[in-house]
**Student:** 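Quick one: structure below, then a few questions.
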Amino acid sequence: MTEDLTTVDLTTDLGGVTLPNPLMTASGCAANGKELHRFFDIAELGAFVTKSVKAEPQSGRGTPRMAETPSGMLNSIGLQGPGIEAFVTTDLPWLQSVGARVIVSIAGESSEEFARVAERLVAAPAFGAVAAIEVNISCPNVARRGLVYACDPESSATVLRLVREVVPRGIPLLAKVTPDVTDIVGIAEAALAGGADGLTMINTLLGIAIDIDRQRPHLFGTTGGLSGPAVRPVAVRAIWQTHAAMRAGRIPSAPIVGVGGVRSGRDALELTLAGASAIQVGTATFNDPLAPVRVLGELAGLVADRGARYADLVGAAHPI
Amino acid sequence: MTEDLTTVDLTTDLGGVTLPNPLMTASGCAANGKELHRFFDIAELGAFVTKSVKAEPQSGRGTPRMAETPSGMLNSIGLQGPGIEAFVTTDLPWLQSVGARVIVSIAGESSEEFARVAERLVAAPAFGAVAAIEVNISCPNVARRGLVYACDPESSATVLRLVREVVPRGIPLLAKVTPDVTDIVGIAEAALAGGADGLTMINTLLGIAIDIDRQRPHLFGTTGGLSGPAVRPVAVRAIWQTHAAMRAGRIPSAPIVGVGGVRSGRDALELTLAGASAIQVGTATFNDPLAPVRVLGELAGLVADRGARYADLVGAAHPI
Amino acid sequence: MTATPVRDRVTRVDAAVRASEPAGDYRRLTLVAPEIAVLATPGQFVALAIDGADSALLLRRSFSIHRVSADAGTVEIVVADAGPGTRWITRLRAGGEVSVVGPLGRGFTSPSAPRPCILVGGGYGSAPLFWLAESLRVQGCSTHLILGAATERRLFGARSGADSVDEMVVMTDDGSAGATGLVTQPLPELLTRTHAELVYACGPMGMLRAATEIAEAHGAQAQVAVEEAMACGVGVCMTCVLPITGDDGITRMSRSCLDGPVFTGTAVRWDVIADGRVAVPADCLGAPAVTP
Amino acid sequence: MTATPVRDRVTRVDAAVRASEPAGDYRRLTLVAPEIAVLATPGQFVALAIDGADSALLLRRSFSIHRVSADAGTVEIVVADAGPGTRWITRLRAGGEVSVVGPLGRGFTSPSAPRPCILVGGGYGSAPLFWLAESLRVQGCSTHLILGAATERRLFGARSGADSVDEMVVMTDDGSAGATGLVTQPLPELLTRTHAELVYACGPMGMLRAATEIAEAHGAQAQVAVEEAMACGVGVCMTCVLPITGDDGITRMSRSCLDGPVFTGTAVRWDVIADGRVAVPADCLGAPAVTP
Ligand SMILES: Cc1cc2nc3c(=O)[nH]c(=O)nc-3n(C[C@H](O)[C@H](O)[C@H](O)COP(=O)(O)OP(=O)(O)OC[C@H]3O[C@@H](n4cnc5c(N)ncnc54)[C@H](O)[C@@H]3O)c2cc1C
Ligand SMILES: Cc1cc2nc3c(=O)[nH]c(=O)nc-3n(C[C@H](O)[C@H](O)[C@H](O)COP(=O)(O)OP(=O)(O)OC[C@H]3O[C@@H](n4cnc5c(N)ncnc54)[C@H](O)[C@@H]3O)c2cc1C
Ligand SMILES: Cc1cc2nc3c(=O)[nH]c(=O)nc-3n(C[C@H](O)[C@H](O)[C@H](O)COP(=O)(O)O)c2cc1C
Ligand SMILES: Cc1cc2nc3c(=O)[nH]c(=O)nc-3n(C[C@H](O)[C@H](O)[C@H](O)COP(=O)(O)O)c2cc1C
Ligand code: FES
Ligand code: FES
């Protein structure tokens with residue numbers, strides 16, 4: 001690192017909201033803040049992204065809920081959480097009390113549930129701490145026999161539209177999409193058309209591990225989500241394709257929050273150069289509870305080395 | 001290993017053709033045999049799968065053609081090869097001369113090219129060495145602006161139908177599919193309906209790596225195919241879902257050749273328990289040129305430990 | 001990576017390996033981690049990273065703290081070679097380095113007044129019990145330890161352990177050391193004889209359940225240290241949950257890395273735990289209407 | 001893994017590390033691999049795996065063979081710490097073990113009759129040249145070596161190398177050792193003076209191209225050892241290709257691990273090589289109608 005990192009301009013724009021730096025936790029990889037705050041001040045991050053919350057308390061699935069895989073892992077948590085009521089009365093005020101900029105991740109089994117959760121959130125006294133809402137459309141739609149919302153452009157657009165109706169304009173909506181689709185740009189386009197101000201990509205890839213001794217799936221829930229460095233090339237590809245479509249004017253321009261396999265500042269820069277305006281650190285946090293701030297420091301050093309502002313590097317690897 | 005491995009029954013059926021064991025090379029990861037034959041006798045394998053061959057000679061892409069990624073790699077070769085004419089006059093006779101059971105992988109830019117390649121192959125004097133034909137539909141369809149055949153059920157079915165017309169009944173056709181789709185079971189179903197006797201899954205996942213120093217994509221061809229242990233959970237999932245659909249009678253039953261991230265006998269058994277009747281070793285060969293036979297030996301030991309025949313373990317992790 | 005400031009009684013530190021000694025089938029490692037040594041209490045654990053940034057094994061591995069020396073600034077663990085991660089750890093030697101996060105979780109709770117206590121350890125599960133026994137003894141409790149394992153080589157502490165406790169009984173499944181039988185076999189007699197009201201147990205799930213039931217039948221309370229697969233160890237991933245019934249009678253899927261690893265035995269919903277799987281009880285908070 | 005039978009002059013062997021010594025910015029490793037030592041010729045290379053089955057680095061790393069001792073059964077390589085893979089290798093010490101595949105590729109070709117030869121090595125590119133020089137000398141050739149690097153620490157063999165050759169010239173970009181300038185600078189004068197008809201060059205692409213052009217201008221032939229990124233090293237992946245023009249005048253994308261790494265300098269299509277990228281020449285066999 002060549003210079004004083006505090007002078008590096010890391011600010012980034014997220015659909016109208018300016019963050020002091022692009023580093024975030026990833027939903028479901030940082031709980032709701034207290035646990036990591038033992039290791040570092042979570043207000044140092046550009047934003048803190050909470051675990052996806054649904055309308056009611058959720059027990060999640062049975063265990064085993066995880067399987068380690070080469071340079072990654074499978075998880076099958078089943079969106080365990082306290083429900084939006086407990087979230088707004090307990091978690092959100094605490095996040096506000098420590099000065100965190102919060103991105104609340106919301107989920108639902110129906111598009112109405114998404115809207116209901118968003119509505120309750122907007123009404124919360126601590127809503128002032130919320131910088132953006134991440135709409136986790138990479139979860140199963142009960143009405144369509146469990147087909148994931150983000151596997152279908154129309155369902156994706158519907159969820160965003162209903163949520164947009166209840167969320168004030170100044171709060172950006174980020175649609176979080178899955179890479180398990182034939183055409184991720186088409187899903188991104190639909191989410192933006194529905195009302196998303198930005199995209200978070202990628203959620204986990206669907207995977208399975210078999211316990212060869214017991215001769216059955218390793219996870220209680222059979223399938224799990226693959227994450228970690230193993231999937232980084234897929235995340236970079238998804239960001240690249242979507243950002244390229246924006247540059248070419250094929251879909252409207254919007255900020256992309258990059259996530260998938262980021263473990264170091266170099267990885268964060270890789271996603272940035274592909275087109276991400278902000279970076280989430282997920283599974284790497286399990287390896288190193290300080291990963292989000294460590295990556296932030298490393299990224300700051302790389303940006304400084306390049307004598308650049310962070311914003312100048314977004315998408316800079318694109319030829320046109 | 002508890003017993004003499006030569007007594008273990010490893011035979012497997014591939015749509016009417018019985019192989020002495022389920023281990024194979026993966027297309028494009030073993031060239032056309034001579035190179036690996038320096039390390040081990042390729043006739044020991046259940047089958048040797050050749051590099052996908054097109055009608056005409058192909059230069060492939062510029063370099064860099066590869067990027068290492070965590071527990072995997074990206075490749076962007078562009079199907080470099082000699083063309084079917086040189087293949088049938090040079091490579092195939094050599095493979096026959098060493099006694100290899102050959103699975104010829106064919107590719108094309110149009111469904112007619114696939115058929116033309118198959119026709120020429122069938123007419124070859126050394127065609128007797130061919131145990132099966134693998135139809136690599138995970139490659140771009142020029143007529144549909146480069147959309148990969150296996151991303152679309154209809155195109156997949158068409159290719160298989162045209163190839164089936166020119167290939168004698170006794171030679172099984174294996175459709176090789178990509179995991180980069182929303183519904184892999186739907187593609188499998190279409191390929192089987194078109195005339196495939198079995199499925200090979202999975203081909204590589206689309207990925208990108210960025211060179212953060214030069215600030216441009218690492219690969220000459222920008223995108224590449226992700227392979228290696230990193231993608232194994234995706235391969236297991238694809239095999240599981242497809243085999244489950246067969247067990248449930250939702251699609252016709254057919255053998256699945258499993259490929260993706262296999263590095264050890266344990267990995268091979270994992271794919272087998274998920275539903276694969278044969279196993280290909282690809283990227284692991286780059287780490288260890290003896291990987292295909294080493295995995296075969298390890299798998300034989302695991303099958304023996306379980307006091308089973310290999311065929312009994314196919315899909316054995318499914319609850320129903 | 002250097003040691004991070006202690007914000008809340010937990011830290012991440014690059015620990016030098018001071019010693020690695022064989023102990024039967026296990027290895028005892030002494031790690032230099034003064035920040036952790038001063039904070040830890042018996043029953044807590046540490047999470048070790050497996051090699052550096054180029055390791056394909058991303059997740060930390062958890063180990064009960066065997067003992068600490070605040071003076072020497074060391075933390076000791078006892079490790080069984082159970083797979084690739086623990087193999088890497090058992091191959092560490094003096095002079096090596098390993099990233100350690102700790103102390104983690106809630107440890108054992110001491111009785112409010114001096115009381116006889118029974119400690120039950122299966123396999124390497126006995127590792128944290130000697131330190132626990134010593135701290136109970138300081139508090140005036142008498143300590144009775146049952147040590148068990150499949151075979152002699154799987155016992156930990158059978159030689160040196162007797163010094164830490166008032167009474168020690170050794171059991172092996174195959175009789176290769178001590179008496180033949182399960183580690184829980186002497187428990188009823190010991191409970192009756194000592195009038196102990198507290199049983200501390202660490203070992204496999206089946207043993208913890210048996211210890212809980214035997215203790216309950218004798219009017220005693222069991223504190224059990226569970227071992228659930230953990231992706232993070234610090235409370236952020238929700239992989240390590242167990243159905244635990246709270247004082248309010250409600251069962252929740254609770255994180256064993258944060259609310260445990262020590263739980264009151266009767267709070268654990270043993271009824272849904274079998275063969276390495278844990279189902280969500282139908283009466284659990286937020287349980288799905290129909291189990292998937 | 002044990003050594004495999006040699007089927008065709010190439011083998012995979014688990015080699016013990018006999019020695020690892022610093023050499024300027026590099027490390028020289030001595031590996032025990034008798035099967036490889038007996039087979040290798042100058043200009044061939046070996047491919048080393050990075051750690052075991054739990055390494056996230058799956059691909060082998062290639063290194064020119066510095067020299068072999070058939071008697072001692074050893075193979076020596078010179079390694080620059082250029083990234084995570086080479087870092088792991090440079091940290092290997094005597095007593096360690098590494099999986100080695102070799103000997104790989106086609107090495108240098110000797111002149112058909114005793115002739116003066118010029119050898120040009122940039123950075124660690126000089127590693128294979130001393131062994132080559134010794135074998136040329138045995139065949140009665142006089143040998144003239146130009147050794148170059150950015151700085152003194154990046155030179156390899158500047159001290160001991162002089163014994164292997166008849167004449168040695170040292171160049172550094174910054175003048176920290178020998179004369180100031182590029183390694184190819186003394187080449188024209190040397191070609192004129194020695195009437196050499198053969199130039200052997202090993203080093204970065206730019207240097208190989210310059211050596212080829214200077215040799216050609218003096219009516220000499222250059223043999224260049226290239227360094228393309230290789231996924232397999234054994235000829236099965238097609239990642240390591242370069243456009244090479246054959247005797248038939250046709251350019252093909254040829255595998256540098258199998259048909260190289262030593263190529264005739266004028267056969268390499270330098271016109272499409274720039275800044276770490278190699279394009280497919282439009283006249284290449286099987287080139288796409290329109291470059292993508
Ligand atoms: C709170 C706690 C305390 C522990 N104390 C000790 C101890 O003192 N000594 C000791 O030798 N072991 C202890 N273990 C078990 C130890 O963590 C596992 O043996 C180890 O994680 C296995 O890793 P592996 O790579 O060798 O095996 P693998 O089976 O290959 O591991 C694969 C994955 O499963 C997880 N896993 C496998 N087995 C277990 C297990 N039994 N418990 C938790 N996760 C598992 C691993 O963490 C890893 O993520 C403890 C576990 C926990 C949760
Ligand atoms: C025929 C041949 C002979 C070589 N001889 C020597 C030698 O004698 N001494 C020496 O120090 N190095 C030599 N190299 C270069 C050496 O292989 C690379 O420096 C090394 O692969 C880099 O790996 P890394 O993990 O340290 O770096 P990274 O840059 O992290 O490697 C990432 C990937 O790119 C590949 N790669 C990166 N740089 C190179 C390169 N220069 N050449 C080929 N592949 C590369 C790696 O193999 C790996 O797959 C040789 C390469 C070849 C092909
Ligand atoms: C244990 C675990 C739980 C997760 N839970 C959620 C969640 O609740 N909502 C969500 O949108 N993504 C969730 N994710 C996905 C991550 O936010 C992230 O998109 C993904 O893991 C890829 O990033 P990574 O490789 O950095 O982990 C979860 C991931 C993991 C590993
Ligand atoms: C360098 C390379 C080249 C490949 N070429 C082909 C090919 O020509 N045809 C094909 O069907 N698959 C090709 N593949 C895909 C493999 O056959 C295999 O499906 C994939 O790599 C996953 O398996 P693995 O993880 O064992 O490598 C190639 C893969 C690699 C790494
Ligand atoms: S291990 Fe992650 S929450 Fe307990
Ligand atoms: S490196 Fe694989 S073909 Fe040359």
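In the text below, chain A, chain B and the rest are named by the order of the sequence lines, each starting its count at 1. Here the structure is a predicted model, which is why all the values come from computation and not from measurement.
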**Student:** Indicate yes or no: does E68(A) engage R60(C) in a salt bridge with an N to O separation below 4.0 Å.
**Tutor:**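 Salt bridge flag = no for R60(C) with E68(A).
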
**Student:** Side chains of V234(C) and F39(A): closer than 4.5 Å at any heavy-atom pair?
**Tutor:**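 They are in contact (side-chain heavy atoms under 4.5 Å apart), so the answer is yes.
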
**Student:** Return the OG to CG distance between S99(C) and L290(A), rounded to the nearest 0.5 Å.
**Tutor:**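 Between S99(C) OG and L290(A) CG, I get 9.5 Å after rounding to 0.5 Å.
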
**Student:** V101(C) versus chain A, heavy atoms under 4.5 Å apart: side chain, backbone, both or neither?
**Tutor:**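 Only the side chain of V101(C) comes within 4.5 Å of chain A.
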
**Student:** Looking at A229(C), is its backbone amide N or carbonyl O close enough to the side chain of R65(A) to form a donor-acceptor pair, meaning the two atoms are under 3.5 Å apart?
**Tutor:**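 No, R65(A) side chain to A229(C) backbone: no donor-acceptor pair under 3.5 Å.
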
**Student:** Rounded to the nearest 0.5 Å, how far apart are CZ of R277(C) and CG of D211(A)?
**Tutor:**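 Reported value, rounded in 0.5 Å steps: 8.0 Å.
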
**Student:** Looking at every heavy atom in both G62(A) and V280(C), which two are closest together, and how far apart are they?
**Tutor:**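 Closest heavy-atom pair between G62(A) and V280(C): N-CG2, 3.5 Å.
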
**Student:** What pair of heavy atoms forms the shortest contact from A231(C) to M66(A), and how long is it?
**Tutor:**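 Looking at all heavy atoms of both residues, the shortest contact is N-CE, 3.8 Å.
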
**Student:** Considering only heavy atoms and a distance below 4.5 Å, find which of P70(A), A30(A), A67(A) pairs most often with chain C.
**Tutor:**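 Between P70(A), A30(A), A67(A), the count favours A30(A).
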
**Student:** If you take all heavy atoms of S59(A) and P288(C), which pair is closest and at what distance?
**Tutor:**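 So the two residues come closest at OG-CD, 3.5 Å.
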
**Student:** So which part of C284(C) gets closer than 4.5 Å to some heavy atom of chain A, the side chain, the backbone, both or neither?
**Tutor:**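 Interface part for C284(C): side chain.
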
**Student:** Name the option with the most non-hydrogen atom pairs under 4.5 Å to chain C; the candidates are N32(A), L219(A), T285(A), N75(A).
**Tutor:**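 Highest number of heavy-atom pairs under 4.5 Å: L219(A).
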
**Student:** Once salt bridge (charged side-chain N to carboxylate O under 4.0 Å, His left out) is applied, what residue pairs with a partner in residues 73-95 of chain A remain, sequence neighbours excluded?
**Tutor:**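 Sorted result for residues 73-95 of chain A: E85(A)-R120(A).
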
**Student:** Are there residues of residues 257-275 of chain C that reach to under 4.5 Å of chain A by heavy atoms, and which ones?
**Tutor:**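 Listed by number: L258(C), D275(C).
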
**Student:** For the residue pair L285(C) and P57(A), what are the closest heavy atoms and their distance?
**Tutor:**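 Answer, listing the atom of L285(C) first, then P57(A): CG-CB, 4.2 Å.
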
**Student:** Let me know if S264(A) has heavy atoms under 4.5 Å from chain C in its side chain, its backbone, both or neither.
**Tutor:**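 Neither the backbone nor the side chain of S264(A) comes within 4.5 Å of chain C.
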
**Student:** Side-chain contact test, heavy atoms from C-beta onward, threshold under 4.5 Å: evaluate it for T283(A) versus L58(C) and give yes or no.
**Tutor:**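 With C-beta onward as the side chain, the pair touches.
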
**Student:** Heavy-atom pairs under 4.5 Å with chain C: which of K51(A), R216(A), E35(A) has the most?
**Tutor:**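 Of K51(A), R216(A), E35(A), R216(A) has the most heavy-atom pairs under 4.5 Å with chain C.
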
**Student:** V278(C) versus F220(A): any side-chain heavy-atom pair under 4.5 Å?
**Tutor:**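 V278(C) vs F220(A): side chains apart.
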
**Student:** With only heavy atoms counted, which part of T251(C) is less than 4.5 Å from chain A, the side chain, the backbone, both or neither?
**Tutor:**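 Answer is neither: T251(C) stays 4.5 Å or more from chain A.
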
**Student:** For the residue pair Q80(A) and R252(C), establish whether any side-chain heavy-atom pair is separated by less than 4.5 Å.
**Tutor:**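 Not touching, per the 4.5 Å side-chain cut-off.
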
**Student:** Please state whether the side chain, the backbone, both or neither of L79(A) comes within less than 4.5 Å of a heavy atom of chain C.
**Tutor:**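 Neither part; nothing is under 4.5 Å.
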
**Student:** Would you say T63(A) and T239(C) make side-chain contact, with heavy atoms under 4.5 Å?
**Tutor:**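 When only atoms from C-beta onward are counted, T239(C) and T63(A) do not touch, as no gap falls below 4.5 Å.
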
